[in-house]
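Since the structure comes first, as structure tokens, the remarks are kept for the end.
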Amino acid sequence: MSGQTDARYQPQDIEPRWQAAWDTGGCFTAKADPTRPKYYVLEMFPYPSGRIHIGHVRNYTMGDVVARYKKSQGFSVLHPMGWDAFGMPAENAAMQQGGHPATWTYNNIAVMKGQMKPLGLSIDWGREFATCDPEYYGQQQAMFLDMLKQGLVYRKNAIVNWDPVDMTVLANEQVIDGKGWRSGAEVERRELTQWFFKISDFAGELLEAIDTLTDWPEKVRLMQKNWIGKSRGLQFAFDTVGAPEGFEALEVYTTRPDTLLGASFAAISPDHPLARALEGANPAIAAFNAECRKTGTTEEALEKAEKKGMDTGIRVKHPFDPAWEMPVYIANFILMDYGTGAIFGCPAHDQRDLDFANKYGLSVVSTMVPMSGDHRLPEEGGEAYVPLKSETVRWTKAFNWPEEATGEQAIDAAIDHCESRGIGQGVTKFRLRDWGLSRQRYWGCPIPVVHCETCGVVPEKKENLPIRLPEDVSFDTPGNPLDRHPAWRNCTCPGCGGAALRETDTMDTFVDSSWYFARFTAPHASTPTDPTEADYWMNVDQYIGGVEHAILHLLYSRFFARAMHKTGHLPAKAIEPFNALFTQGMVTHAIYQTRDDKGRAVYHYPEEVTLRDGGGYLADGTEVQIIPSAKMSKSKRNVVDPVAIIEQFGADTARWFVLSDSPPERDVEWTSAGAEAAWKHLGRVYAMGDRIADMPADQVAEQPGADADLDRAMHRAIDDVTRMIDGFAFNKAIAKLYEFSTIVSKTKASASAQKQAGRVLAQLMAPMTPHLAEELWHRLGGDGLVTEAEWPKADPALLVDDTVTLPVQINGKRKAQILVAADASKEEVEKLALADHSVQRALGGATPKKVIVVPGRIVNVVV
RNA sequence: GCCCGAGUGGCGGAACGGUAGACGCAGGGGAUUCAAAAUCCUCCGCCCUAACGGGUGUGCGAGUUCGAAUCUCGCCUCGGGCACCA
């Protein structure tokens, strides 16, 4: 049960020894070597929460496998590590326990680095940095200024969650059921002037370039496409009746102009200028809008909220018929950020509009029906009819297209029709909004501008960078300490030299993580990047991280790389910074739960629970409920501490296990049984290596042909493992390594053949279990370090078999199998299959109608 | 609510549209041992059968195909994201 059971395999002894050897050899120092191809492998850097998590172990082990594998293939490898060190948890810790966010953060970094080191990762620690290092964020400020100059940054008003009791801005996760997490006060939406990146300028380009990201997971590409959300539609203005001055027209955007004859109302966002304009004169509208603003700012909250509307009393005229008037509602589900913040409702062909129409007694008019089949019209109580745009339907209210047409055809025709009549124009819009980077918080990168009464908003001078965060701050009151730090806030205007105030907003931490990969190429350069280094190392060849970053982090990084290119900080080839992306799954663990006398759930740590007979028990014999495969979280206590695992079994066991049990893109369930099995296997390999090392060099094969058989198996293993690592199928690579170890342990081959096989086994295992591999390699007479050895190559001639077993099916059901020569013709195979006695019996005298022979695969007899 | 995934033995998982369950765990039987641990050999989806063998089976329901875990459509359940968590 413990690392001491097998006295011979002692990772506690082996692992530090080889780590020291790697350090001495400078094995992992990345060197820009123009004579060699480079390979840049990067795992998403961690937030320094305080302790490493088994998920980190899995993430970094995957990257390490790739890094070591590529190194052995002759690449000059860059495999760096750093810390995503700004963010709210440090401020929360300061509020709860006192102390300074910087102290907390740097302590955490030291602890986590100490926990990561024993894993034996092939990281170039010489390039380490934290995003909260002034050296890093100062360069970020320099880039901000360059981007400001290029027009990539601007200010506008935006809505935030405001806690009226704590007088502070809240993050979405700090709003719980519409209330502030600390104060419990009802959160309000408040408008602030904030900084934005013009990511929307790149919407089309970011969308089109997705097609070039062929080594990204298809699902991530799809998610990004949908997020950017390109749509073509019609933007036009309704003439209003009874609206206040200045609102004679109401601009709306619709992606379904083809359903314009089914319009029954117009709706505007509570944040629409018209809605605001009505507040003064109409207390009911003011109250309604205020109520709407209590909903959180997330799209999710808006979508899930009950759909509500209020009639403004204003009417709009249908663009085709001035006599046709429709009511204008304010509706809580219309987003001010999308389109024009105003829509027309077509209840017959939009379920949400139909629900709304039914609720407020508005008319429902179908404009199309299915080509065939039963159809209950929405106006007669049916559901909204929303066919795919590519589906051909029958139009009952077409205006200039055939009765039978697809939505796409109708939309194009409708836009043409409207444009020709001077009703609006066809426009392309994107769902993607500009990236708000302002945060009203202390622990982030200060935005390097000042506010001057004479000059307005003025960028800092580059020579004044970094604008450092002041250290003498306190967190005993909520809100941004920068706001109440006069010594820091008061400054000189870089423009006129007069008195000015510093910007107190800091940057979203997504900014920090949007370029760290570029900084790793020259982590201590006096400019954001070094052109020579960036040119050599970019792009990241393999990026590895959690799928939870599929949209925001990856999209922001893609934008930032473009912005960095525009400002001269990255070469053109780096505008798509990640050549290949791999998204790994989570590590999960069972939850052990009991109930207290009030029926509340009580959670227990894995080490408090003994498993036997399929059940789990506490020390006092109480049985616990086992909830399998839950995401690890501290509150559920279903966490395993990698440090304890490494102490007990060694890093190689931890590394082997996190790779072995699940495909890397899927979640893996941590089980102590699985970890022990991994440890036992490594112990067997170790013992086998010892035995082979002790064989007299002249010992001959005990069985004729054993050397040749072992050689074939070895080349098969090389081929399999190589392909599996290339394909990121680490679990399958490990299954093949299990098979190959079993073959080596049972072979009757000669000493020289066994030693050779053992060394190859060491090489194939080296990316996963590098310490054990070094030990094996060394004992079996390998030259130098296995870490520095060249990856073995399989001999293709030894991979082909001359005979092959073919299954024979009758009507798709397997009934027999036949052994045939690999190069047998279809006719021969068919003859052999039909002659087989099992096939004869299964046929029972029936005559085959057809025989399908797939060479090398299968025979199917159809009767 | 919207977007994106995933679902295969007791468990983690294998399987270019071609023998479903590789490999590992757990479990059964055996060897070794005074005994146990470790180790080694062996069996192992489910149902029927003494056995040979047969039937059935990849979340559910349809479909395409000589052949579907795999492709299509419709559901169910779970997970990720939804722009201020990182």
Side-chain angles (χ1 to χ4, degrees), chain A residues 1 5-6 44 46-47 49 84 86-89 158 160-161 169-175 194 199 217-227 229 297-305 307 333 337 351-352 431-441 508-510 513 546-553 555-556 583 585-586 588 614 628-629 631 657 660-663 665-669 671 673-674 676-678 680-681 683-684 687 729 731-732 734-739 742 805-817 849-852 854 856-863:
Chain A
M1 290 296 283
T5 319
D6 186 331
M44 290 178 185
Y47 179 78
S49 56
D84 190 11
F86 275 136
M88 292 200 304
V160 294
N161 300 306
V169 177
L170 298 178
N172 283 334
E173 69 157 9
Q174 295 174 317
V175 180
Q194 308 202 64
I199 190 172
E218 188 53 40
K219 62 172 171 177
V220 174
R221 303 201 294 162
L222 239 185
M223 280 191 267
Q224 291 219 350
K225 280 184 184 174
N226 290 338
W227 186 262
T297 55
T298 69
E299 198 168 305
E300 182 187 5
L302 290 173
E303 289 285 341
K304 279 187 178 162
K307 308 293 178 282
F333 56 88
D337 285 321
Q351 190 59 44
R352 194 172 55 182
R431 203 185 77 103
L432 179 67
R433 312 199 289 256
D434 276 334
W435 171 11
L437 70 122
S438 286
R439 296 293 180 271
Q440 294 71 36
R441 275 182 260 282
D508 179 8
T509 56
F510 272 123
S513 56
V547 72
E548 66 272 21
H549 296 293
I551 295 172
L552 293 180
H553 162 62
L555 192 62
Y556 289 157
T583 54
M586 296 179 299
T588 62
S629 301
K631 180 176 179 171
F657 177 72
S660 67
D661 254 25
S662 276
E665 67 276 14
R666 250 200 261 176
D667 295 349
V668 65
E669 168 106 0
T671 61
E676 269 174 49
K680 282 183 194 173
H681 175 73
R684 280 193 291 268
N731 57 325
K732 287 187 257 173
I734 283 182
K736 296 296 177 190
L737 285 168
Y738 267 109
E739 283 177 0
T742 304
T805 306
L806 288 188
V808 183
Q809 295 180 331
I810 292 174
N811 287 342
K813 298 207 176 229
R814 192 186 70 91
K815 292 291 174 185
Q817 54 185 26
K849 279 191 203 135
K850 192 161 133 190
V851 180
I852 294 152
V854 185
R857 277 272 155 222
I858 205 164
V859 181
N860 192 9
V861 181
V862 186
V863 291

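The figures that follow rest on heavy atoms only: side chains count, while hydrogens, waters and symmetry mates do not. Sequence lines set the chain letters: A, B, ... in the order given, protein chains first and strands last, and positions in each chain run from 1.
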d(CD, A:Glu739; P, B:rA15) in whole Å: 12 Å
Among B:rA20, B:rA86, B:rC85, the one nearest A:Leu552 by side-chain distance: B:rA86
Of the listed nucleotides B:rC4, B:rA83, B:rA14, the one nearest the side chain of A:Thr298: B:rA83
B:rG7 pairs with, by Watson-Crick or G-U criteria that keep both distances under 3.5 Å: B:rC76
Whole-angstrom distance between B:rU19 and B:rA14, as gauged at atom C1': 14 Å
C1' gap between B:rG57 and B:rC52, integer Å: 22 Å
Between B:rA6 (P) and A:Met223 (CE): distance, integer Å: 10 Å
Sugar-phosphate only, base, or nothing, as touched by A:Gln194 at under 4.0 Å among non-hydrogen atoms: base
Between P of B:rA86 and CZ of A:Arg441, the distance in whole Å: 7 Å
With sequence neighbours excluded, residues passing side chain to side chain contact (heavy atoms under 4.5 Å, CB included) with A:Ala158: A:Gln194, A:Phe196
Sugar-phosphate, base or nothing in reach of A:Lys304, heavy atoms under 4.0 Å: base
Separation between the C1' atoms of B:rG21 and B:rC75, rounded to whole Å: 27 Å
Gap between atoms CZ and P, on A:Arg221 and B:rG81 respectively (whole Å): 22 Å
Touch class at under 4.0 angstrom, heavy-atom based, for A:Gln174 against every strand present: nothing
Whole-Å C1' distance, B:rC44 and B:rA35: 28 Å
Base-pairing mate for B:rC66 - Watson-Crick or G-U, with both contacts under 3.5 Å: B:rG18
Sugar-phosphate only, base, or nothing, as touched by A:Ala677 at under 4.0 Å among non-hydrogen atoms: sugar-phosphate
Nucleotide of B:rG13, B:rC84, B:rG18 approaching A:Val160 most closely (side-chain heavy atoms): B:rC84
Residue A:Asp508, side-chain heavy atoms: nucleotide from B:rA83, B:rC84, B:rG81 that is nearest: B:rC84
Integer angstrom distance from the C1' of B:rU77 to that of B:rC71: 23 Å
For B:rG57, the Watson-Crick or wobble partner whose two distances fall under 3.5 Å: none
Pairing partner (Watson-Crick or G-U wobble, both distances under 3.5 angstrom) of B:rC34: none
B:rA14 phosphate, OP1 or OP2, under 4.0 Å from A:Asn731 side-chain N/O: yes
Each nucleotide N or O in nucleotides 40-46 of chain B that has a protein N or O under 3.5 Å away: list the pair and distance.
{"unit_1": "B:rC41", "atom_1": "OP1", "unit_2": "A:Lys746", "atom_2": "NZ", "d": "3.2"}

Separation of B:rG53 C1' from A:Lys813 NZ (nearest whole Å): 15 Å
Give me, pair by pair, the N or O atoms of the protein and of nucleotides 61-68 of chain B that are less than 3.5 Å apart, along with how far apart they are.
{"unit_1": "B:rC66", "atom_1": "O2'", "unit_2": "A:Asn860", "atom_2": "ND2", "d": "3.3"}
{"unit_1": "B:rC66", "atom_1": "O2", "unit_2": "A:Asn860", "atom_2": "ND2", "d": "2.5"}

Test ring pair (Phe, Tyr, Trp, His ring centres under 6.0 Å) applied to A:Phe510 - qualifying residues, sequence neighbours left out: A:Tyr556
Interatomic distance where NZ belongs to A:Lys680 and C1' belongs to B:rA37 [whole Å]: 9 Å
Proximity to the side chain of A:Met88 - top-ranked nucleotide from B:rC4, B:rU19, B:rC85: B:rC85
Heavy-atom donor-acceptor pair, A:Glu173 side-chain to B:rC84 base, under 3.5 Å: no
Protein-nucleotide distance (A:Arg857, atom CZ; B:rA15, atom C1'), rounded to Å: 9 Å
Verdict with supporting geometry, A:Leu302 and A:Phe333, side chain to side chain contact (heavy atoms under 4.5 Å, CB included): CA-CA 6 Å; A:Leu302 290 173; A:Phe333 56 88; 6.0 Å; no
Sugar-phosphate, base or nothing in reach of A:Ile734, heavy atoms under 4.0 Å: nothing
Phosphate OP1/OP2 of B:rG24: any A:Ser660 side-chain N/O under 4.0 Å: no
Distance-only donor-acceptor test, A:Glu299 side-chain atoms vs B:rC3 base atoms, 3.5 Å: no
Minimum-distance pair of heavy atoms, taken over all atoms of A:Ile810 and A:Val863: CG2-CG2, 4.3 Å
Base paired to B:rG1 (Watson-Crick or G-U; both N/O distances under 3.5 angstrom): B:rC82
Closest to the A:Lys732 side chain, choosing from B:rG1, B:rC25, B:rA14: B:rA14
Residue-phosphate contact under 4.0 Å: A:Asn226 side-chain N/O, B:rC2 OP1/OP2: no
B:rA37 to B:rA31 separation - P atoms, rounded to the nearest Å: 14 Å
From OG (A:Ser660) to CG (A:Leu737), nearest 0.5 Å: 11.0 Å
For A:His681, all residues meeting side chain to side chain contact (heavy atoms under 4.5 Å, CB included), sequence neighbours excluded: A:Trp656, A:Arg684, A:Val685, A:Tyr738, A:Ser741
Rounded C1' spacing from B:rG12 to B:rC66 in Å: 35 Å
Protein-nucleotide distance (A:Arg439, atom CZ; B:rA83, atom P), rounded to Å: 11 Å
Contacts of A:Asn172 that satisfy side chain to side chain donor-acceptor pair (under 3.5 Å) - sequence neighbours left out: A:Asn161, A:Thr297
